[in-house]
Amino acid sequence: GFYPSPQHNKTSKREYDDEEFVYKPKKVKTEHDKKAKKRKHEDKLFFSSGNYTTDKDINSYYICHICPFSWVVFLLFVVIRWEEERSTDGSKWRFLEHKGPVFAPLYEPMPDKVKFYYDGKPMKLSAPAEEVATFFAKMLDHEYTTKDIFRKNFFKDWRKEMTSEEKTKITDLNKCNFSEMNEYFKAQSEARKQMSKEEKQKIKEENERLLQEYGFCLMDNHKERIGNFRIEPPGLFRGRGDHPKMGMLKRRIRPEDIIINCSKDSKHPKPPPGTKWKEVRHDNKVTWLASWTENIQGSIKYIMLNPSSRIKGEKDWQKYETARRLKKCVDRIRTQYRDDWKSKEMRIRQRAVALYFIDKLALRAGNEKEEGETADTVGCCSLRVEHIKLYPKMDEQEYVVEFDFLGKDSIRYYNKIPVEKRVFKNLQLFLENKQPEDDLFDRLNTSILNKHLQELMDGLTAKVFRTYNASITLQQQLKELACPDDSLPAKILSYNRANRAVAILCNHQRAPPKTFEKSMQNLQTKIDEKQNQLSAARKQLKAAKADHKASHDDKSKKAVELKRKAIQRIEEQLMKLQVQATDREENKQIALGTSKLNYLDPRISVAWCKKWDVPIEKIYNKTQREKFAWAIDMAEKDYEF
DNA sequence: CCGCTGACTTGACCTGATGTGG
DNA sequence: CCACATCAGGTCAAGTCAGCGG
């Protein structure tokens, strides 16, 4: 039959390899690579030699403009040499100097009057046990602490911190009473809010000092902002969704856990007195400044630069260039995967249908995950039979597929879409003889898919489709929604709507704000008031007109004009409110931030602002403008993604 | 291949700061 | 000026993807 039984998997996979080899001779690939490399290189030059500036860059920017010719030549020379170096050996920087991370504040024991009770009796805990207890006490109001797994994991890890006496005594979490501790912390945070202006100012200044000292590094002659210079404090692990490790103790990170990365010829960061770094290395093939291994999943955490930094900006820019290259060949790729739906090989059909979903629905790739280590979530390649339902007919539509699964961060993806008949028939085939918990695409994984994509276009991976489809959707929507005569608020509403279309495509959700209903009501009240105001003003105008008709004097004429203006103003205010209400209502469960920050080519937005005369501040706040400085500098009003 | 690890991007949520209207 | 709502920024979990060694 067409569908090979599982034991044939191996043979089939080997066939796949042989065939790929024939399909894509090495020689062709090298040619292709060379061209791509050249293009990449040219683009990079444009990026670096363009008016790309940040605050730190401002000197060279100005000098460049005062004496354009010599500086352009000089900078080009430096840039070319450096680009040459970077493109050949993959190094990310030449010089890197920083002060190392800031550690979490040490534990301050509870005041004696704040008691912990076990089985109704007060009990003084040893410092280590008490510290862990406070982590739990702080979360008492959170739903987490009612969950069985959370409590079980917490208790297990807590016991590890106890003295043997405590261990024998404390055997049941249900008999533990943390409420005094909890109240103490609440009072503390209340007190913090009640602090005087001066005290608050003092804290602010101290934070600023810390930022100035540790928040920046020197990378290749630029002072760059560090993204996260503070080490994560100890606490209880909060996974998302049904995480099997929720409640486990995230241990305190010490200097001995930290690997420092900086250049050899830099002033190395000093560990706190009496401590040592785990290691100091000089690896310029990576961008991080410090790293440590986290104890819950055993994964590595990093200290890296802020999005406004050259190294992040360049990477971001590169990402959008890859997506633009996809734009040029997406038709070809679509034709091919549609063709592949008819393939006589199962693995190719599965690959083609999966790619169709990724393209059409902007699904994530879906790597396999270790079972029991994380929440059970899926992406495209890891979809299981239980996640889709097929309806040959639904309402008016034919061949409807219903998706219902938990994606990244355990956010539910629910969608019903009509698909082409061929896709539908293929899906029926993939489902044959399978159990609900079996993989839908049993002959496919992200590695196979990405290898295939790599052959279709240099640098193409599954996530590029998300970037491409997000950006192209924004561009199209902006074109459709734009109306030159619109007022500024209306233009911004159009922009937000375009942004929203993307957020919906990418399934970027948020919990509706807690005060949503109320704030909506407030807004409605305001609108009603404005409307009353408006009708009152209209009546007044009518009266003024009548007055003018009767007297025909200058004074009454002026009064009419005044009333007209008043109405106009009120109308504007009303419109603004209505726009605001629409925007907010439509935005109830949708988060715009993620797509704005990660998926939309900022040059589209910048160009749109220039074209319609919208101040960039209306679209991007300060942080965002810093992150997208390169795009703000680069894009003109006719920019096409 | 194949699983594992490292590096880096993407993501929702939380909190303190700030703006706004009464 | 205060109460409240909103927002920016920070936090850190959870993805993607490449490369490596067996």
Side-chain angles (χ1 to χ4, degrees), chain A residues 9-10 13-14 16-17 90 92 139 142 189 192-193 195 200 203-204 207 211 215 227-233 235 237-241 243 245-246 250 259 261 283 285-288 291 293-294 296-302 304-307 311-312 315-316 318-319 364-370 373-375 377-382 406-411 445-451 453-454 459-464 466-467 470 503 506-511 513-516 518-520 522-523 526 529 580 584 591-599 620-624 626-627:
Chain A
N9 277 359
K10 269 234 156 103
K13 278 185 182 168
R14 209 171 298 132
Y16 169 81
D17 275 335
K92 310 280 171 67
M139 299 174 78
H142 206 289
S189 88
R192 223 171 309 135
K193 271 182 215 157
M195 274 188 310
K200 279 184 182 170
I203 293 176
K204 214 174 164 186
N207 276 332
L211 173 69
N228 55 324
F229 58 92
R230 288 167 199 276
I231 301 276
E232 294 171 17
F237 176 79
R238 308 148 88 114
R240 320 259 167 114
H243 198 117
K245 298 194 172 182
M246 62 166 80
K250 235 175 72 169
I259 302 173
N261 193 32
D283 181 359
K285 303 281 187 292
V286 297
T287 66
W288 51 267
S291 74
T293 302
E294 154 267 2
I296 304 285
Q297 322 265 7
S299 66
I300 308 169
K301 300 238 173 173
Y302 302 93
M304 287 186 191
L305 295 192
N306 187 277
I311 215 159
K312 295 286 184 188
K315 199 81 188 299
D316 205 35
Q318 216 176 69
K319 173 181 78 185
R364 296 187 187 83
N367 285 309
E368 310 84 309
K369 312 166 72 187
E370 221 175 318
E373 294 290 302
T374 55
T377 62
V378 297
C380 185
C381 293
S382 50
L406 297 183
K408 181 175 176 179
D409 290 326
S410 293
I411 297 291
N445 60 40
T446 53
S447 164
I448 294 171
L449 180 66
N450 280 334
K451 266 184 197 127
L453 293 175
Q454 184 61 44
L460 186 61
T461 62
K463 86 187 181 87
V464 178
R466 244 166 110 82
T467 313
C506 294
N507 199 41
H508 289 142
Q509 296 189 26
R510 62 165 183 176
K514 282 188 186 89
T515 53
F516 185 82
K518 211 176 131 211
S519 81
M520 227 34 219
N522 287 348
L523 203 53
K526 273 190 209 163
E529 274 168 26
Q580 207 185 349
R584 199 180 297 176
L592 301 185
T594 302
S595 51
K596 203 176 194 175
L597 236 46
N598 298 304
Y599 288 106
Y620 292 137
N621 68 31
K622 189 168 128 292
T623 324
Q624 292 163 341
E626 276 166 17
K627 167 166 177 171

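Naming: A, B, ... by sequence-line order, numbering from 1 per chain. Because the structure is predicted, anything quoted here is derived from the model rather than measured.
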Is the phosphate of [N] approached by [X] (side-chain N or O, under 4.0 Å from OP1 or OP2)?
X: A:Tyr599; N: B:dT9; answer: no
X: A:Lys369; N: C:dG15; answer: yes
X: A:Thr287; N: B:dA7; answer: no
X: A:Arg364; N: B:dG11; answer: yes
X: A:Asn450; N: C:dC17; answer: yes
X: A:Thr594; N: B:dT10; answer: no
X: A:Asn598; N: B:dT9; answer: no

Does [X] reach the side chain of [Y], with side-chain heavy atoms less than 4.5 Å apart?
X: A:Ile300; Y: A:Glu294; value: no
X: A:Arg364; Y: A:Lys463; value: no
X: A:Thr374; Y: A:Gln297; value: yes
X: A:Lys627; Y: A:Tyr620; value: no

Could you tell me the separation between the [atom1] atom of [X] and the [atom2] atom of [N], rounded to a whole number of Å?
X: A:Leu597; N: B:dG11; atom1: CG; atom2: P; answer: 10 Å
X: A:Gln454; N: C:dG19; atom1: CD; atom2: C1'; answer: 13 Å
X: A:Glu370; N: C:dG15; atom1: CD; atom2: C1'; answer: 15 Å
X: A:Asn261; N: B:dC8; atom1: CG; atom2: P; answer: 10 Å
X: A:Met304; N: B:dC8; atom1: CE; atom2: P; answer: 5 Å
X: A:Tyr620; N: C:dC7; atom1: OH; atom2: P; answer: 17 Å
X: A:Glu373; N: C:dG15; atom1: CD; atom2: P; answer: 13 Å
X: A:Ile448; N: B:dG3; atom1: CD1; atom2: P; answer: 11 Å

So what is the end-to-end bend of the helix from B:dC1-C:dG22 to B:dG22-C:dC1, with 5 pairs used at each end and the value given to 10 degrees? 10°
Check nucleotides 10-13 of chain C against the protein and report each pair of N or O atoms closer than 3.5 Å, with its distance, or say if there are none.
unit_1, atom_1, unit_2, atom_2, d
C:dG10, OP1, A:Arg225, NH2, 3.4
C:dA13, OP1, A:Lys250, NZ, 3.1
C:dA13, OP2, A:Lys301, NZ, 2.4

Under 4.0 Å, heavy atoms only, any strand: does [X] hit a base, just the sugar-phosphate, or nothing?
X: A:Ala375; result: nothing
X: A:Ile411; result: sugar-phosphate
X: A:Ser447; result: nothing
X: A:Gly366; result: sugar-phosphate

NZ-CG distance between A:Lys596 and A:Asn621, expressed to the nearest 0.5 angstrom: 7.0 Å
Nearest-0.5 Å distance, NZ of residue A:Lys319 to CG of residue A:Asn598: 5.5 Å
Do A:Lys369 and A:Thr377 meet the criterion of a side-chain donor-acceptor pair at a distance under 3.5 Å?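 Looking only at side-chain atoms, A:Thr377 and A:Lys369 do form a donor-acceptor pair, the distance falling under 3.5 Å.
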N/O donor-acceptor pair under 3.5 Å between A:Asn445 side chain and A:Cys381 backbone: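 Side chain of A:Asn445 to backbone of A:Cys381, a donor-acceptor pair under 3.5 Å: no, none is there.
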For A:Lys312, is there any backbone N or O sitting under 3.5 Å from a side-chain donor or acceptor partner on A:Asn306?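 No: the side chain of A:Asn306 does not pair with the backbone of A:Lys312.
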Earlier contact from the 5' end, DNA chain B, for A:Arg466 and A:Glu368: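 Looking at DNA chain B, the more 5' nearest nucleotide goes with A:Glu368.
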Mapping A:Lys285 and A:His508 onto DNA chain B by nearest heavy atom, which one lands closer to the 5' end?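 So the residue in question is A:Lys285.
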Which nucleotide sits closest to the side chain of A:His142: B:dG11, B:dC14, B:dC8? B:dC14
Before giving the answer on side-chain contact (heavy atoms from CB on, under 4.5 Å), spell out for A:Leu211 and A:Phe229 the whole-Å C-alpha distance, their side-chain angles and the decisive distance to 0.1 Å. CA-CA 8 Å; A:Leu211 173 69; A:Phe229 58 92; 3.6 Å; yes
Which comes earlier along DNA chain C counting from the 5' end, the contact point of A:Thr377 or that of A:Gln624, where each point is its nearest nucleotide? A:Gln624
Between A:Trp288 and A:Tyr302, what is the ring plane arrangement, given parallel below 30°, perpendicular above 60°, and tilted in between? tilted
